[in-house]
Amino acid sequence: MKIPKEKKLELFEKMLLVRQFERKVYEFATTGVVNGSVHLWIGEEASAVGTVLSMEKDDYILPTHRGHGQGLAFGTEPGKFLAEILGKETGLCKGRVGSMHFFDKEHNNLGAQGILGAQFPIALGVGKAIKNKKMNSCVQCFFGDGTSNQGTFYESLNIASLWGLPIFYVCINNLYGMGTHYKNTSKVSIGEKAELFGIKVKVVDGNDVEDVYSNSVELINYVKKNSKPALIECKTYRWLGHSAFDNRPYRTKKEIDGWKKLDPIKNYKARLLEDKISEKEIRKIEDKVNKIISEASEFALQGDYPEFDDSIVQ
Amino acid sequence: MKIPKEKKLELFEKMLLVRQFERKVYEFATTGVVNGSVHLWIGEEASAVGTVLSMEKDDYILPTHRGHGQGLAFGTEPGKFLAEILGKETGLCKGRVGSMHFFDKEHNNLGAQGILGAQFPIALGVGKAIKNKKMNSCVQCFFGDGTSNQGTFYESLNIASLWGLPIFYVCINNLYGMGTHYKNTSKVSIGEKAELFGIKVKVVDGNDVEDVYSNSVELINYVKKNSKPALIECKTYRWLGHSAFDNRPYRTKKEIDGWKKLDPIKNYKARLLEDKISEKEIRKIEDKVNKIISEASEFALQGDYPEFDDSIVQ
Amino acid sequence: MRVIKYSDALREAMREEMAKDENVVLIGEDVGQGYRGCFGVSTGLYEEFGPERIIDTPISENSILGLGIGTALMGMKPIVEMMFSDFVAVCFDGVLNQVSKIKFMSGDQFNLNFVLRLPGGAGNGTGPHHSQCLESMIMGIPGLNIAIPSNAYDAKGLLKTSINHGNPVVFFEHKKLYKTEGEVPEKEYTVPFGKGIVRRKGKDLTIVAVSYMVKVAEEVAGELEQSHGIDIEVIDLRTLVPLDTQIIGESLKKTNKLLILEEGIERSGIAAEISYQVNEEYSDYLDYPIKRIGSKNSSIPMTPNLEKAIIPNKDSVIKEIIKYF
Amino acid sequence: MRVIKYSDALREAMREEMAKDENVVLIGEDVGQGYRGCFGVSTGLYEEFGPERIIDTPISENSILGLGIGTALMGMKPIVEMMFSDFVAVCFDGVLNQVSKIKFMSGDQFNLNFVLRLPGGAGNGTGPHHSQCLESMIMGIPGLNIAIPSNAYDAKGLLKTSINHGNPVVFFEHKKLYKTEGEVPEKEYTVPFGKGIVRRKGKDLTIVAVSYMVKVAEEVAGELEQSHGIDIEVIDLRTLVPLDTQIIGESLKKTNKLLILEEGIERSGIAAEISYQVNEEYSDYLDYPIKRIGSKNSSIPMTPNLEKAIIPNKDSVIKEIIKYF
Ligand SMILES: Cc1ncc(C[n+]2csc(CCOP(=O)(O)OP(=O)(O)O)c2C)c(N)n1
Ligand SMILES: Cc1ncc(C[n+]2csc(CCOP(=O)(O)OP(=O)(O)O)c2C)c(N)n1
Ligand SMILES: [Mg+2]
Ligand SMILES: [Mg+2]
C-alpha cells in the first residue's frame, strides 16, 4: 500500500503527540499533580496511531485502561483530555474520572475501560447497532495481551463471527500484563484465538507505524465490505512501568534497552528523512506538537476542580 | 480396544439403570410428585455411561443440570438419589436441592450445576488440587453443547492446558441448548474449541456406548499419564423435551424419530445378543434393574419431607 | 375493563414500544425462535419483528448484557432478558461496573435507555439457582433504577416507562405472577417511577411490599380482618429506586405501625433500607420499631416445606403479626 | 510490643498458616513472581513456597475464583485474591451461586475452607472501578462470613481464623490501611469472629464502624472531645457476619445515641442492616433514630474534592454529628 506524504506526516505528528502527551502526564503523575494511576503509551505509539488513523470519523472506539493513545489519535482535544486526567471540571468528563474512564461522545469514543475484558461484550452491542442501523461504520475494540485471557474475549469473537459484526479487534501485545509475561498465561497466540472463529487476523510490527497503518486500512476495508470482524495484533513494548509508579523487577534492563532501540518515533523520523521529507517539515511538526502540549498543559492546569453538586447523586 | 464381557454387561446394565431411573423421574414429574424441574437423559444414556465407567473410584465428577446419568453411573445410590429428587430428607442432600444440585461426597461427586458454565472454573481447582496432592486421579467435567459458548469454557481450557491439569472435559452434544440449535450459536465445533489450546480431542458416536467407553478409557489414560487435559464430544440426542415439561416446537417429529432409531440401549442389546450373550443373561440384568428402580422408588416415596431446622439459616 | 395476564401485559408493552421505535430491541437466550421465551413472555414477537429486533443469543450472559450496553451507547433502547434473575451473577460486572456508571463516568455525555428484565422469585421448587430475589443487591448500586410490578397493569405501564427512561432500569418480574390476571386498559398509558400505591386501605397496621409479596400482604389483610378484626393498609411501592417514602409516611400517620414484607433474604434486604429511610423521616409516627419479614438467611430450598419455611407466606406472616403487634 | 504494617500482618498470617499446612495456597493475578502482589501483601511468599502454592494466574477472574472453589472442594484451604475488590463483579457467580451455597446444597456434606481477599476502599484517586466498598452486597448472601479488619493486629488474627474457618469467608482489606502500623505480638494468636471491640470509651454517643472508617471515627472522637466536649464511644465490629449487636446494645445503654459510619454507598449499605438489627433489639435505649453516614449514592470519582465530597471524612462526619445530635 502506498501511503501519501500527507498521511505519513500525520502518522508522525500523531505519534509525537502521543509521546509528548504521555511525557507530560508522566511528569504530572510523578510530581503529584495527578490523583490516581495512569497507564502510558510511551514506546507503543505506532500501534495506537496506525490503527486509529485507519478509521473514518464515523467509526467508533473502545479504548482500554491504557487509553490516551487511542483517544488522542482519534481526535480528542489534548487540553480537555489532560484536564480530565488532572480531574478538572474543564475535562472531557467534567473531571470526574480521570485517565482510565474517559468518554468523548463528540469523537465517537464510547468509553475507556477500567475492567479488563469488559469492552468485549460492549463491542458486540456497538457492532450490532451499526449493523441494525445499516451504517457504514465499524468499532475498534482495543485490548492488551493479558486481557485476551478473559472469557469475554472468546464469547465476543464467537458472536461477532456468527453474526457478522463490524468489529475490528485491536490487540496491543506488549508482552506483559502487569508483571506477567504472556507466555506464562497462555500457550496460544492472540491471533490464533481469533482465527479459531474464522476471523481474519494480521500480526504486525507494532513499532512500525506504516506496517500497522496499512494493515489496519486493509482490515477495516474488509470489515466494512463484508460486515465481518477482523483482528490485528500489534507487537510492541511499553518502555515505562505498568503504571507510572511501577518499578518492579519483572523485566531485564537488557530487554527494555533492546526495545528502546526500536523507538517507533525516532525510527520513523529517520525513514521520513530518507524519504526526502525535509528536516524543516519535521521540525515544523515537532514545534506544532510542542505547542499543542504546552497549550494543553496550560489549559489543564488552569482549570478548576469541580465543585460537588447533588446531580451526581443518583 | 477389546472390552471384556463383564464390562459390556456393566455398560448395558448402567444404561438401562439410567433409562429406567429417568422414566421413573418422568413419571413422578408429570404426576406432580416432583417439585421443580428435571432434565432427563433418555436417549443419551450411552454418553453418560461410557464416559463415567471409564473412571476409577478415586476420580471425580462435576455433573450438569442434566446430571442424573453421571451420578448413577458413578455409583450414587438410586434410592437416595430419587429421594433427593423428590425432596425427601432421606435424599443425598437431605432433600434440600433436588435434581439439579446434588452432591455425593462418598462417590466423589463434587456437585451438579444449575448455572451453565460454572463447572469450568471449579474443574480447574479440582484439577489443581489433584496435581498438588500428586494423586493419580482426574476429574470429569461435563457440559452441554450450548454451554460451550460461555466464556468460562475457554478460560478453563486455556489454564488446564497451560498448567497441565488432569481434567477430562465431557461434552454431551445433543444438538440443542433448550430451543436453540448449536449451529445458531457458534461456527466452531466444540472439539475445535479445545484443540485450539492443544488439548487432545475425540469426537464419538454418543449413542454407541462402546465407542464412548473405549475412547474415554484411552483419553483418561492419556490425561493421567501426561497430566494433561483431554476432551470428548459425544454426539447424541435427547428424546424428551429440555425439561420434563417442554413441548415447544423447535424440533421436527422427523428429526426426533430419526434419532429414536439410534436408541443406544435397544441397539446395544441387539449387539450383545449377536455377541453370544444370552437372552437369559440380558433378562437377568433387566430384572435386576427393574428391581433396583422399584426399590429406589419405594424408598424415595416412603421418606419424609425434611422438617425445617434452624441450622440451615446462616 | 379487559383482563389479561401479567406476562401478556409485559409482551404488550414491548410490542407497542417496538412498533413505535425501531431502536427498541429484545436480547436474550431463547427469546425468539425455538423456545419462544422461557416463560412465554416474548412469544410471537420474533414472528412480528424478526431476528434483527428479537435477538436470540448463544448461552453467553456476559455478551448478552454487553449487547445491551453497546446498543444503548449507540442510542438504541435495548431490553435485555436474563432467563432467570439468578444468572445476572454471571454478568454482574456489566451491572455493577458498566451500565450503572456510564452516565457518571462520561460526565453526563451518555444517558442510556436500557432495561434489564430479571424474572425472580421462588415457590415452584426451582431451588437455589433459580429462585432468588436480588433486589437489594441492585438497590445498592448508584445509577440504577428499579421497577418491580405486582400486577398486570403495572407490569405494562412500568415496562413502557422503563424502555424510554433515559437511565438504566432493572426490571424485576416474578415467576409466580406471570399467569396472574389483571385489568389492563386497551389504550396507551404508562406508570410513573417513584409513586407507590395503596392497594388496600386500613388503619391498624401498614404493610409495605413489592411484587408477589403484595399478593401475600393482601391475603394476610383479608384474613386478619376476618379473624382478628385488624384493619391493615397495604402499600405497593412499585419502584424501589426511586423510593416513595412519602406514601409510607402518610400511612403511618394513621396506623403508627409498619411491617415491611419481602421475599428476598432478610439480611441486608430491601426492608433494611426502607426501614432506615422511614425511621429517619417518620420515626415520630412509629409506636413500635419497624418489623420486617423476609426470607430466612438461607439458600432457597427446592423441597416444598422447607421452601415454605424459608419464604414468607400468608400463614407465617399472620403468625408474626399476631405475635409482634 | 512489636509494631508492623497491616500488609505485613496479612502476609505473616498467610505465611504462618502456609508453613503449618500445605493445603493452604494463595491464588491470584501477580501474587507471586513478577509484580509480587499489587499492594505488596504477598511479597516474598513465592520465593518461600514456590509456584505450586503461590499461584499466579492469567487475567481470568472467573477461573481464579473457581480455582479456589475447586481446591476447597478437594479439602484444601485456598486464599483467593482479587487485585481490587471491584473485580469480584467479574466472577460474581462464584460468590453468589457457588461457594456460598455449597454447604447448603450438599446437605452439609461439604464444609469449605475458603477465603476471598478483597482490597477495597477509595481515597487515592483510584476512581469508579478501583474504589468500591462492596461489603453490603456480600452481607446479603447467606453462607458467607465477612471479616473486615481495621488494623494490623486484627488483620493477622482474623485472617488466620478465616483460613481455618470451615466456611467461606470474604475478607475485606482497605488500600489506605496497608501502610498503617500497629502492634502485633510475635507469638501465635487469632481473633474470633462475631466479637466487636470498643476502640475508645465514651458516654455521649456511640459510633459503630469497620475498616478505615474506624480510624475516621477515632479522629472524629478526638476532635469533638477537644472542640465540643463530646465524649464518643467508638466500636469496631471486626466482622459483619456474624454481627456483634450485643456490644452495640451495651454501649447504647450508656450513650443512647448511635451513629453508624460506613465507606460503602449509603443506599442499602451495611448501616441499613446494622440499624435494623439494633432497632429490633435495642430500640428502648435509643433517644434518637439511628443515624448513618456513608458514601453518597454515586460512583466514586477520581478527582480529589469530589472524592472527598462523596466519601465520609473527619470534617463531614463532625459536621453531621453537630447538626444531628
Ligand atoms: C478485571 C480486571 N482484572 C485485573 C485488573 C488489574 N489490571 C489492570 S491493567 C492489568 C494488566 C493488563 O495487561 P494487558 O491486557 O496486557 O494490558 P497492558 O497493561 O499491558 O497494556 C491488570 C492485571 C483490572 N483492571 N481488571
Ligand atoms: C448461566 C445459565 N444460563 C442459562 C440457563 C438456562 N438453561 C438451563 S439448561 C439450558 C440449555 C443448556 O444447553 P446445553 O448446554 O446444550 O445442555 P443440554 O440441556 O442440552 O443438556 C439453559 C439455557 C442456566 N441454567 N444457566
Ligand atoms: Mg500487555
Ligand atoms: Mg445441548
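Chain letters run A, B, ... following the sequence lines, proteins first and then strands; every chain starts at 1.
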Count the heavy atoms belonging to other residues, nucleotides or ligands that lie under 6.0 Å from CD of Glu255(B), then report whether that count exceeds 12.
-> yes
Around atom NZ of Lys228(A), are there more than 12 heavy atoms of other residues, nucleotides or ligands at under 6.0 Å?
-> no
Please flag which part of Thr185(A) lies under 4.5 Å from any non-hydrogen atom of chain B: side chain, backbone, both or neither.
-> backbone
Contact class of Asn158(A) relative to chain B, heavy atoms under 4.5 angstrom | side chain
Give a yes or no on whether the backbone of Ser161(A) and the side-chain of Lys187(B) come within a donor-acceptor separation of less than 3.5 Å.
-> yes
Leu162(A) versus Asn184(B), closest heavy-atom pair with distance = CD2-O, 3.4 Å
Here the pair of heavy atoms bringing Asn149(A) nearest to Glu155(B) is O-CG, 3.4 Å
Atom group of Gln150(B) that falls short of 4.5 Å from chain A, counting heavy atoms | both
Tell me, do Glu192(A) and Leu196(B) make a side-chain contact under 4.5 Å, heavy atoms counted?
-> yes
